Protein chains: 2
Amino acid sequence: MARRRQAVTIRHVAADAGVSLQTVSRVINNEPNVRPEMAERVQASIARLGYVPSIAAQRMSGSRSYLIVALNDRERTLADWRSRQGSDWVNQMLLGGMLTCAAHGYRMIVELVDTHSAHIERELSGAIAALQPDGVILTPPHSANPLILDFLEKRQIVFARIGSSAPGPGFALSTDDEGAARDVTRHLIDLGHRRIGLIAGSDEYEQSAWRVAGWRDAMAAAGLDTAGLLAPGDFSFASGTRAAQALLDLPSPPTAIIASNDQMALATLDVTRERGLAVPDALSLVSFDDTPIVRYTHPPLAAVSQPIADVSARAAQLIIDRTMGRPVDGEPLVIPSTFVPRGSIAPPPSR
Amino acid sequence: MARRRQAVTIRHVAADAGVSLQTVSRVINNEPNVRPEMAERVQASIARLGYVPSIAAQRMSGSRSYLIVALNDRERTLADWRSRQGSDWVNQMLLGGMLTCAAHGYRMIVELVDTHSAHIERELSGAIAALQPDGVILTPPHSANPLILDFLEKRQIVFARIGSSAPGPGFALSTDDEGAARDVTRHLIDLGHRRIGLIAGSDEYEQSAWRVAGWRDAMAAAGLDTAGLLAPGDFSFASGTRAAQALLDLPSPPTAIIASNDQMALATLDVTRERGLAVPDALSLVSFDDTPIVRYTHPPLAAVSQPIADVSARAAQLIIDRTMGRPVDGEPLVIPSTFVPRGSIAPPPSR
DNA sequence: ATGAAAGCGCTAACAC
DNA sequence: GTGTTAGCGCTTTCAT
């Protein structure tokens with residue numbers, strides 16, 4: 001194996017510029033107490049030699065590690081990747097996170113941790129100890145896992161919670177799921193729907209409750225009853241099938257269904273097909289997530305699109321700013337989702 | 001900002017177990033010259049204290065960095081992520097790569113580098129200097145970029161080339177695109193097709209030429225002419241549209257078209273729709289990649305599915321083995337693609 | 001404003 | 001088999 005030694009070190013730069021290591025270090029880190037002309041000379045040497053600091057060495061000396069860990073749920077992420085159903089959550093997270101990180105010399109590194117693991121603290125602790133990241137971005141359902149939150153808070157690690165709206169330790173960033181659910185429900189009501197069913201997501205996700213709340217809210221505001229119209233689900237296709245069947249078996253079935261994610265919406269679409277129910281003529285259908293495939297189903301599904309890339313970009317930015325010691329607004333951040341109407345919605349069938 | 005110091009270091013373990021640092025180090029790295037009972041005692045201390053080595057420190061001392069960089073083309077990857085067309089190349093790469101890495105205490109870290117950049121060596125060099133990875137996994141088109149290959153070889157960095165079949169520096173791993181193209185073409189010929197068009201991919205990708213070769217080969221073996229049936233493309237939707245139009249404008253148009261990727265196949269599907277050509281009755285259509293959405297088009301597209309997860313898992317394994325000093329077979333590796341027949345293929349229309 | 005010294009956590013090289 | 005020493009590349013003290 002090749003001896004791996006840094007080709008160009010701070011020492012080379014210092015020698016080349018005729019200054020001390022310290023001065024070079026100050027220039028690299030934009031620290032004060034360097035005369036402009038000195039700084040310029042050092043910069044020239046850096047450019048000439050093609051010097052890039054080793055993040056391992058920076059980390060070792062007690063400074064930043066320039067690493068941000070994005071913590072995703074192992075089970076769910078792997079299931080998504082294996083099923084190849086086009087879930088692009090991780091892609092969107094990387095899109096926002098990596099670009100923001102790159103702009104500041106940071107790297108984003110994806111870690112999979114099982115939120116149900118009995119040893120979750122050990123797993124997390126291991127990842128932290130090995131990587132020594134400057135910050136951690138939590139994604140649902142980790143964002144609401146008290147074991148993880150406590151651990152990070154205790155260790156004083158800077159972190160962000162994506163999909164959380166509560167204040168508390170760590171930056172909270174959410175996508176206004178309640179508002180989105182309310183808007184969608186209102187949209188359907190405006191189309192003339194009176195019985196609108198909701199297929200809920202897993203309780204483990206905070207979003208699930210918000211979506212239910214938004215739907216309830218809009219229904220109540222319109223004076224509509226929700227009794228029996230809430231079907232439990234867990235984001236899986238199978239649970240979507242069960243929920244859709246339950247809703248459509250109702251004595252007075254809904255004329256519109258909102259599914260809390262795309263997989264359950266696809267399941268619902270399948271159920272309607274089996275029953276010979278036309279979408280959107282006999283049943284309107286809306287989903288959450290807006291993964292790529294819902295644009296290709298027949299009909300394409302109207303969906304709530306969530307700005308995951310924006311959210312993860314903001315999360316990374318907050319962590320970087322905080323790490324750099326810049327003043328940061330720690331208030332919970334809400335980045336609105338958008339409703340994308342497509343062919344799966346229409347006025348209810350006239351009786 | 002919180003002072004970031006390792007909570008438990010090798011020193012704590014050594015003290016706890018009553019041995020020297022070196023012995024602990026040997027145990028961590030599974031090195032010889034440690035009596036089983038000693039090793040056991042050390043392991044016990046490690047477990048009790050929850051010790052995990054800092055990879056920064058390991059790197060610093062000239063050992064492994066436990067990092068593998070996966071180098072993807074910046075422009076194309078970002079375009080895929082932004083367009084949200086369900087391209088799951090990166091997901092599949094992470095699936096295979098991350099799991100293999102994790103099994104050996106490694107991490108995979110995605111880097112985006114523009115293969116066309118004038119400063120590509122500088123970009124690469126910066127990433128290497130900052131991260132000091134133990135190995136690099138090249139993806140197309142980087143796998144065939146001589147600037148990158150030379151750079152890595154010169155620096156004696158262990159690397160793998162995904163999508164390359166030529167021997168040479170670095171491990172070559174490919175998916176038998178030529179064989180897959182041959183099989184698909186033969187499949188169509190067996191269905192009765194005589195005029196089979198091919199929409200080629202970008203020249204920048206080695207795969208493009210192989211797919212053409214496989215198609216040519218199968219056509220020749222069946223005594224069929226390919227004159228005029230090869231349409232250039234560059235993997236983009238727009239190029240697919242142009243290519244499909246050119247093929248279908250032929251005096252004697254093909255009864256089947258093979259597109260070198262899903263986007264161009266989708267474009268072809270659109271063109272057929274505009275022209276009122278029924279797929280598969282009037283035209284059979286096959287694509288390469290098998291991204292999630294092609295299962296949801298109407299009709300769903302038959303496609304060549306490539307084992308990206310397997311390939312990246314093998315690539316990571318090769319790098320890790322080599323880094324660990326284990327004997328490794330450096331021969332080019334071929335992991336076959338599989339053809340997934342779906343509703344878009346049928347016998348040609350009878351005249 | 002600049003430099004010198006010490007040390008981060010770990011492993012290579014060398015003793016014993 | 002085990003321990004000791006030196007040093008990786010950088011930043012943090014603390015001098016000057």
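Worth knowing before you read on, the calculation uses all heavy atoms, side chains too, and leaves out hydrogens, waters and symmetry mates. As the structure is a computational prediction, the values presented were derived from the model and not from experiment.
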Any donor-acceptor N/O pair, B/S174 side chain to B/S165 backbone, under 3.5 Å: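 Checked: no pair found.
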Test item: B/S164 side-chain N/O and B/A166 main-chain N/O as donor-acceptor pair under 3.5 Å: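 The answer is no, because no donor-acceptor pair under 3.5 Å joins these two groups.
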Contacts of type side chain to side chain donor-acceptor pair (under 3.5 Å), residue A/D88, not counting sequence neighbours: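 Result, side chain to side chain donor-acceptor pair (under 3.5 Å) vs A/D88: A/Q92, B/R84.
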Under the side chain to side chain donor-acceptor pair (under 3.5 Å) test, residues paired with A/T77 that sit two or more places apart: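 Once residues adjacent in sequence are excluded, A/T77 has no partner under the side chain to side chain donor-acceptor pair (under 3.5 Å) criterion.
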A/S25 side-chain N/O to D/dT11 phosphate OP1/OP2 under 4.0 Å: yes
Short side-chain N/O contact to C/dG3 OP1/OP2 from A/T23, under 4.0 Å: yes
Selection: residues 31-53 of chain A, any non-hydrogen atom under 4.0 Å of DNA chain C: A/N33, A/V34, A/R35, A/M38
Polar contact flag, side-chain donor to acceptor under 3.5 angstrom, A/D134-A/Y106: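 On atom types as modelled, these side chains qualify, holding a pair under 3.5 Å.
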Side-chain H-bond candidate by donor/acceptor type, B/E206 with B/S143, under 3.5 Å: no
Partner residues of A/D310 under the salt bridge (charged side-chain N to carboxylate O under 4.0 Å, His left out) criterion, sequence neighbours left out: none
What donor-acceptor contacts under 3.5 angstrom involve side-chain atoms of residues 20-28 of chain B, with partners at least two apart or in another chain?
residue, atom, partner, partner atom, Å
B/S20, OG, B/Q22, N, 3.4
B/S20, OG, B/T23, N, 3.3
B/S20, OG, B/T23, OG1, 3.2

Within residues 10-20 of chain B, residues whose heavy atoms come under 4.0 Å of DNA chain D: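 B/V19, B/S20 - these, ordered by number, are the residues of the stretch whose heavy atoms sit under 4.0 Å from the strand.
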Whole angstrom value for the distance that separates [atom2] of [N] from [atom1] of [X]:
X: B/N29; N: D/dG1; atom1: CG; atom2: P; result: 18 Å
X: B/R59; N: C/dA12; atom1: CZ; atom2: C1'; result: 13 Å
X: A/L131; N: C/dG9; atom1: CG; atom2: P; result: 16 Å
X: B/Q58; N: C/dC8; atom1: CD; atom2: C1'; result: 14 Å

Nearest-nucleotide comparison on DNA chain D, the residue closer to the 5′ end among B/L21 and B/M60: B/L21
Stepwise side chain to side chain contact (heavy atoms under 4.5 Å, CB included) check, A/D73 with A/V113: CA-CA 5 Å; A/D73 185 40; A/V113 168; over 6 Å; no
Rounded (10°) bend between the five-pair end axes of the helix from C/dA1-D/dT16 to C/dC16-D/dG1: 30°
Nucleotide nearest A/T9 (side chain, heavy atoms from C-beta), chosen from C/dG9, D/dC10, D/dT12: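 Between C/dG9, D/dC10, D/dT12, the one nearest the side chain of A/T9 would be D/dC10.
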Heavy atoms from other residues, nucleotides or ligands near CZ of B/R314 exceed 12 (cutoff 6.0 Å):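 At most 12 heavy atoms, drawn from other residues, nucleotides or ligands, come within 6.0 Å of this atom.
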Acceptor/donor pairs from residues 33-42 of chain A side chains to any protein atom, 3.5 angstrom cut, sequence neighbours excluded:
residue, atom, partner, partner atom, Å
A/R41, NE, A/A17, O, 3.1
A/R41, NH2, A/A17, O, 2.9

List, with names and distances, any nitrogen or oxygen atoms from the protein found under 3.5 Å away from nitrogen or oxygen atoms belonging to nucleotides 14-16 of chain D.
none

Of all pairs that satisfy side-chain hydrogen bond (donor to acceptor under 3.5 Å, both in side chains), the ones with a partner from residues 111-120 of chain B, not counting sequence neighbours: A/R107-B/E111, B/T115-B/H142, B/T115-B/N145, B/H116-B/E204, B/S117-B/E123, B/H119-B/R122
Where at least one partner belongs to residues 47-57 of chain B, residue pairs that pass side-chain hydrogen bond (donor to acceptor under 3.5 Å, both in side chains), sequence neighbours excluded: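 As it turns out, the side-chain hydrogen bond (donor to acceptor under 3.5 Å, both in side chains) pairs with a partner in residues 47-57 of chain B, which skip direct neighbours, are B/D16-B/R48.
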Under the side-chain contact (heavy atoms from CB on, under 4.5 Å) test, residues paired with B/L149 that sit two or more places apart: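 In terms of side-chain contact (heavy atoms from CB on, under 4.5 Å), with neighbours along the sequence ignored, B/L149 is linked to B/L138, B/F159, B/R161.
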Donor/acceptor link under 3.5 angstrom from A/Q22 side chain onto base of D/dT12: yes
